[in-house]
Amino acid sequence: MLASRYFMPTLKENPSEAQVPSHIYLIRAGFIRSLSAGIYEYLPLGLRVLRKIENIIRKRMDESGALELLLPILTPAELWKETGRWDVYGKELFRLKDRKDADFALGPTHEETITDLVRKNVRSYKDLPLNFYQIQTKFRDEARPRYGLIRGREFIMKDGYSFDVSEEDAIKTYEIMKDTYHKIFKDLKLDYLMVEADVGAIGGKFSHEFVVKVPSGEAHIVYCESCGYAANVEAAKFHHNKLPPEELQPLEKVYTPSVSSVEEVASFLKVPTQKIVKTLIYKADDKFVAVLIRGDREVNETKLANLLKALDVRPATSEELKELNIVEGFVGPIGLNLPIYGDYSIEGLYNFVVGANEKDYHYKNVNIGRDIKVEHFYDLASAKEKDPCPVCKAPLKETTGLEVGHIFLLGTKYSSAMKAYFTDKDGKEKPIIMGCYGIGVSRLMAAIVEQYHDDKGIIWPDVVAPFDLHILILNMKDEKSVKSGFEIYEEAKNLGIDVLLDDRDISPGAKFKDADLIGIPNRIVIGKSLNEGKVEYQRRDSQEKKMIDLDKVKEFLQTLK
RNA sequence: CGGAGUGUAGCUCAGGUGGGAGAGCACGUGCCUUGGGAGCACGGGGUCGCAGGUUCAAGUCCUGCCACUCCGACCA
């Protein structure tokens, strides 16, 4: 490819709209442009990278036995109404009407569409298993698109769906996809973690996320360096350290004027925060509940929502507390007329402090069973850095990650709702067991840049680079340079190397700056050393440089392939 | 969706108190130059986000709307 005939509009300055490295460099180096918030154009360079990423994914998916197909983006509302997601998905679903006023949605994901295809065409266990995937543009009207390709409203995703006759088989398929994902992210040279994840609104039995370790990541991860346990904090478990048992002390009401936060109460009463129990009131869909948790821990709203099978969980507002006759700042479980859910952290805790549900008073020496009734204890607390690992008890570490893949064992959530049944060997009709598997393809492009860049620009790993080799002819007025440059260019092309020749008549400095920005891994510079019959070879990643004799260039090019 | 900020040339931005629409870069032409975004000269380029209002006069003041960005909520 000749740079003089190519379209790679590079920018000298950082675009004002971009904050994170991937967004800044993908725009500056001419890979993408934004059209509207969270909507991007892929320019020729960007598309080349995208295709390389897609092909790595495609190769591994095909190897796994999954079948590629292509589903419509435009999907009728009826399918979404069957599973209830027409309402549940909310504003994130892009909706539109056709000329007959019928409702449609632009597909944000395709469980409904693929399940519809399968239910219409699969009758018997003999037709199963099936595993499909597609690489396609998805639409989600995100409340807050940000960070360029990291969170867009229109983006490219690889989504896959598996159909098995039994949970046992479905788990086997799930494991195959897990291995396939590991291969894909290794192929892409990413520094990533596979973590246990919450299934979220998509539902299902269990799931794993693949997250790339980057500072701009939105996922909070805890992981254990000694045994390898890793989980999204939404789902992370941890080992609870218990305080030693104590003799029960008599219940005591104490005056605590204007002392309400855990830290204030702890220092006022001179007790550790572990012996204070917070009573938190949440509104779960349309009901109120109380959660009891030790003072040094935080409630994980995702875990609470899962326990209560609620769609929406949030702390009660001050107004709501007033209506419930609860004294804000001194909330306590004694005499409280709400369902109480105890976190594991208060199981086996003795002589603790709670709010008295009366302004400026707390209770001391409260004990479960004697003073308050808590029948079950649940895992409702967020894991945090230094908590003991649930598997090996080593201290957990915390990091942020960018989710680039997510796999779910769905079970029968969609097949039951949409009546995707098959007839089993025993002649009985059963719902198909499903799994679904997503990879954010366009987000991967950003994730790679997040991990592979320096202060000059992008440093593409060889496998996804838009070109393999960048040839710079520094002086286009010099006939010898031009001749050698084009000869090397032709030789490289003949060897099947993807090569970009910078034959633009601009200053050498501008060519170097653009080359650094664009980040093609191998570079041949044709400049002054041509007088000694040599050209210069450089790597973008190591800045390694070496001189190559003109008559040895051909054999050198062989080593690049 | 709650809070905040920004919107002036292709890009980055400057334009106290109301009165000439500007700079650097980019772009075009010419000269010069060719190893890290060169130099000189000339030139083209604007619905000052949109609509309304105040005023003799609005980029500037007021109101409404829109877009973009940030923090948060949200995010199969």
Side-chain angles (χ1 to χ4, degrees), chain A residues 9-20 23-24 27-28 30 33-39 80 83-85 88-93 105 107-112 138-148 150-153 155 157 159-161 197-204 207 209 218-219 232 234 301-302 305 311-315 317 402-403 405-408 410 413-414 434-440 443 456-457 472-478 481-482 502 504-517 523 525-531 535-536 538 543 545:
Chain A
T10 54
L11 302 175
K12 261 191 188 176
E13 284 167 290
N14 288 348
S16 58
E17 77 214 54
Q19 323 292 327
V20 297
H23 194 194
I24 291 170
I27 290 176
R28 272 192 61 190
R33 282 293 183 270
S34 73
L35 178 63
S36 182
I39 302 177
W80 297 91
T83 59
R85 290 210 288 183
V88 172
Y89 222 102
K91 287 189 170 176
E92 232 175 88
L93 192 63
T109 175
H110 280 73
E111 283 80 13
E112 280 80 357
K138 298 284 188 265
F139 296 85
R140 290 181 197 176
D141 195 0
E142 295 284 350
R144 192 176 163 207
R146 66 180 120 176
Y147 303 149
I150 287 175
R151 176 168 299 279
R153 295 194 294 171
F155 59 98
M157 176 163 140
D159 50 325
Y161 308 90
D198 179 62
V199 294
I202 197 164
S207 83
E209 277 174 357
E218 294 174 310
N232 191 305
E234 287 179 350
E301 292 178 14
T302 304
L311 289 173
D312 181 50
V313 166
R314 59 165 178 81
T317 62
L402 175 60
E403 178 188 342
H406 203 162
I407 58 178
F408 299 79
L410 286 176
K413 176 175 163 141
Y414 295 91
M434 291 174 60
C436 74
Y437 317 94
I439 291 179
R443 178 182 280 186
K456 294 177 184 162
L472 311 187
I473 300 175
L474 293 188
N475 184 357
M476 284 301 293
K477 297 273 193 312
D478 180 54
S481 292
V482 173
D502 197 340
R504 295 173 299 171
D505 189 14
I506 56 174
S507 76
K511 292 191 183 189
F512 282 115
K513 292 287 184 191
D514 272 354
D516 288 341
L517 202 51
R523 183 185 307 171
V525 179
I526 297 162
K528 305 190 284 217
S529 58
L530 196 62
N531 292 326
V535 294
E536 185 177 317
Q538 303 178 357
Q543 298 292 338
K545 292 182 183 182

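Just so you know, these numbers come straight off a predicted model, no measurement behind them. Chain identifiers are assigned alphabetically (A, B, ...) following the order of the sequence lines, protein sequences preceding nucleic acid strands; residue numbering begins at 1 within each chain.
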Would you mind classifying the nucleic acid contact of [X] as base, sugar-phosphate or nothing, using non-hydrogen atoms under 4.0 angstrom?
X         : answer
Ser36(A)  : sugar-phosphate
Arg314(A) : nothing
Tyr147(A) : sugar-phosphate
Ala37(A)  : sugar-phosphate
Pro15(A)  : sugar-phosphate

Is there a donor and acceptor pair, one atom on the side chain of Arg144(A) and one on the base of rC1(B), closer than 3.5 Å?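 By the distance-only test, no, there is no pair.
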
Toss me the dot-bracket line for RNA chain B: Watson-Crick and G-U wobble, both under 3.5 Å, 5' to 3', using | for pairs to another strand and [ ] for crossers. (((((((..((((.....[..)))).(((((.......))))).....(((((..]....))))))))))))....

Within less than 4.0 Å of OP1 or OP2 of rU6(B), is there a side-chain N or O belonging to Ser16(A)? no

Report yes if at least one side-chain N or O of Arg146(A) is closer than 4.0 Å to OP1 or OP2 of rC68(B); otherwise report no. no

What's the [atom1]-[atom2] distance between [X] and [N], to the nearest Å?
X         : N       : atom1 : atom2 : result
Lys91(A)  : rG2(B)  : NZ    : C1'   : 12 Å
His23(A)  : rU69(B) : NE2   : P     : 7 Å
Ile39(A)  : rA67(B) : CD1   : P     : 12 Å
Arg151(A) : rC71(B) : CZ    : C1'   : 15 Å

Enumerate the protein-to-nucleotides 37-40 of chain B contacts in which both atoms are nitrogen or oxygen and the separation is below 3.5 Å.
| from | atom 1 | to | atom 2 | distance (Å) |
| --- | --- | --- | --- | --- |
| rG37(B) | O2' | Lys12(A) | NZ | 2.8 |
| rG37(B) | O6 | Arg28(A) | NH2 | 3.3 |
| rG37(B) | N1 | Asp514(A) | OD1 | 3.2 |
| rG37(B) | N2 | Asp514(A) | OD1 | 3.1 |
| rA38(B) | OP2 | Ser507(A) | OG | 2.8 |

If you assign each of Lys528(A) and Met157(A) to its closest nucleotide in RNA chain B, which residue comes earlier from the 5' end? Lys528(A)

Want to settle it: does Asn475(A) or Glu218(A) sit nearer the 5' end of RNA chain B, counting the closest nucleotide to each? Asn475(A)

Which one, rC1(B), rC75(B), rU69(B), comes nearest to the side chain of Glu92(A)? rC75(B)

Working to the nearest 0.5 angstrom, can you tell me the gap between Arg151(A) CZ and Glu142(A) CD? 4.5 Å

If only atom types and distance count, is the side chain of Arg443(A) paired as donor or acceptor with the main-chain N or O of Ile150(A) below 3.5 Å? yes

For the pair Lys477(A) (side chain) and Asp505(A) (backbone), establish whether a donor and an acceptor sit closer than 3.5 Å, ignoring hydrogens and angles. no

